[in-house]
Protein chains: 2
Amino acid sequence: MAAGDPVRVRTAVTRNDVARLAGVSTAVVSYVVNDGPRPVAEATAARVRDAIERLGYRPNTTARALAVGSTTTIGLVVPDSTNPFFAEYAWQIQRAATDLGYAVLISNTGFDPGVEERSVRDLCDRQIDGLLIAGVSGLRQIDELSRQGRRIPVVLIDEASSRRGHTTVGPDAATGAERVVAHLLHVHGHASVAMIIGDSADPATDGRERGWIGAHARAGRRLGVVERTPFSRQGGFEAGLRLLGRADRPTAVFVSSDSQAIGVLHAARELGVAVPDELAVGSFDDSEESRFCSPPLTTARQPARAMAEAAVAAVVHGGTTPEHLVFDMPLVVRRSCGCRTE
Amino acid sequence: MAAGDPVRVRTAVTRNDVARLAGVSTAVVSYVVNDGPRPVAEATAARVRDAIERLGYRPNTTARALAVGSTTTIGLVVPDSTNPFFAEYAWQIQRAATDLGYAVLISNTGFDPGVEERSVRDLCDRQIDGLLIAGVSGLRQIDELSRQGRRIPVVLIDEASSRRGHTTVGPDAATGAERVVAHLLHVHGHASVAMIIGDSADPATDGRERGWIGAHARAGRRLGVVERTPFSRQGGFEAGLRLLGRADRPTAVFVSSDSQAIGVLHAARELGVAVPDELAVGSFDDSEESRFCSPPLTTARQPARAMAEAAVAAVVHGGTTPEHLVFDMPLVVRRSCGCRTE
């Protein structure tokens, strides 16, 4: 138990205190703090700024939010901020938002559509200036709010393809996946490549699945087997056990996220299957983890920083025309494919 | 490019609309929404609730914040939310806050004291109801705000020991570290255990260092060598290379976080040093990554969920007496120490 004073009293320095010390009206303090709406003589403004400095006055942003209609806060809804890719993406979003003077309210949905809808509603009730969503269940909620006349700028931040009426940001997932699969087919000579893909990925729109199919089609090869499993290390681990337990065990697999690929590597170790010699692995994300696992992953890089900056700029400054902002995914070759690159 | 309407207009349904439809005054709508301060007859309240439902009215929380002096928002300052432990801790904090009706504004400092101070100031300017801080640089800012008469409930969420005047939440790091080191000394018979510890950990207060020293003292052994390095995978990798490059290479090492230990495992692989046969590794955190790396880590478990719930409860409901809330760290034995546990 520590001694000392409690840290729970109330805000003390007010606009009144500043006005009194500077010998001006509270309205003049407001004009100086908010840079308007009326002009203030420079000598007077200097006196107000001096009083603000001496008293340590900080304007109440809640009151300011009511006055100017902005909380300089944006909401962020992600399925799982402990997933290494979303952890990095969320961090980059927070950095980009800070650079523009915005704070970020973050909500994790755990891939639960109900939680996502609730999160969207709760964040919108907080008068946020905009909302970044990775997922699409929240859109129903957005549509409902919009029918009620409440509209909030929304950017979908993890979309492989455009979506009517919304600005979307995402990687060129099809090309990224196709690069990984083509590398396994052509450079390493596998007859076909299996796929482990997130069970929440929609086959109709998910670029990764299209890229995997495209690489086989272009090479004139028959598609490998598919395992669908949750987007998590544990999901990858279980799908890896299933895949490696098959009589027709594949020699190469494309995995739809680094965190699942980490699980696949773990499954291979458990079963004594050597990676890459007995199973070549290609992945998707290039989170930091992919460089430190064993073996390091050959993967398609999601440009998290560039996407984060574009998403924040779009939600803060966005115009009235929905756009689909697509980012290229370079192939990053490490050892899990069979290349002995350092 | 997608077609369709933009999603950027203004809030429409107001308290006035509800009042008009229900045939009551706007004050009565307020009493129903805020459950006071004046009572409303049940039949009237039902009419108001019905109007709210039909119009899809949602109270403006910014206005409410001014009225009731609460934004139902808490701030969270962490050094690095992409570190697997902080990612999980931050997630658990967000879940615990949501359960109590609070949203979380999160800020990453990247272990930069200047950024930490700015984050604290910016969050406090947003009229948050309380602040959770992992780190101590922000305290200077808190003290300054408090001198200015602005006081905000603060809980330090990653503290191994109590700190005068503040409620602190943390693991019993000394006992946790001692358990790991004692396991390496006694069960596996190492003569001494080296330590790789975060360079931002204060030797005077960091429980991990005390635990490492205590285990050696109790066993009557001479301390192993120490490497100080950033709290990151890369930091652990570089310290691992240095440690394993020594003429007197240690046979066992205690690493101060899982993410650093992941880097040490990577360094050992690079240098062809077998873990655990040539280097036993004990760690600290038990983040999910520790189960999926190769070999899985023997580590002391930080009870992230329990600590998160305690921290949120303390900052939201906290009384006036600072407390130090300590959580036990169980030893989790996996393979990196030499035990062949599954």
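By convention in this document, chain letters (A, B, ...) are assigned in the order of the sequence lines, proteins followed by strands, and residues within each chain are numbered from 1. Everything numeric in this text was worked out from a predicted model, so none of it was measured.
The side-chain contact (heavy atoms from CB on, under 4.5 Å) search around Val326(A) returns Asp172(A), His324(A), not counting sequence neighbours. Pro296(B) is linked by a side-chain contact (heavy atoms from CB on, under 4.5 Å) to His266(A), Arg334(B), Arg335(B), counting only residues two or more places apart in sequence or in another chain.
Between Thr72(B) and Gly101(B), the shortest heavy-atom distance links the atoms CB-O, 3.6 Å. Closest non-hydrogen pair, Gly75(B) versus Leu123(B), comes out as CA-CD1, 4.2 Å.
The main-chain N or O of Glu323(B) is found under 3.5 Å from a side-chain atom of Thr167(B) such that the two form a donor-acceptor pair. No donor-acceptor pair under 3.5 Å is formed between the side chain of Gln234(B) and the backbone N or O of Gly263(B). In this structure a side-chain-to-backbone donor-acceptor pair under 3.5 Å is present from Gln260(B) to Pro230(B).
Of all residues spanning residues 286-295 of chain A, those with a heavy atom less than 4.5 Å away from chain B's heavy atoms are Glu288(A), Glu289(A), Arg291(A), Phe292(A), Cys293(A), Ser294(A), arranged by number.
In this structure, chain A has heavy atoms under 4.5 Å from both the backbone and the side chain of Arg233(B). For Thr73(B), the parts lying under 4.5 angstrom from a heavy atom of chain A are both the backbone and the side chain.
If you tally non-hydrogen atom pairs under 4.5 Å between each of Ser107(B), Pro84(B), Gly236(B) and chain A, the highest count goes to Ser107(B). The most heavy-atom pairs under 4.5 Å with chain A, out of Ile262(B), Asn83(B), Leu265(B), Val104(B), come from Val104(B). The residue among Gly130(A), Ala103(A), Gly110(A), Ser81(A) with the most heavy atom pairs within less than 4.5 Å of chain B is Ala103(A).
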Got a list of side-chain donor-acceptor pairs under 3.5 Å for residues 88-97 of chain B, not counting sequence neighbours?
| from | atom 1 | to | atom 2 | distance (Å) |
| --- | --- | --- | --- | --- |
| Tyr89(B) | OH | Ile157(B) | O | 2.7 |
| Gln94(B) | OE1 | Asn108(A) | N | 2.8 |
| Gln94(B) | OE1 | Asn108(A) | ND2 | 2.8 |

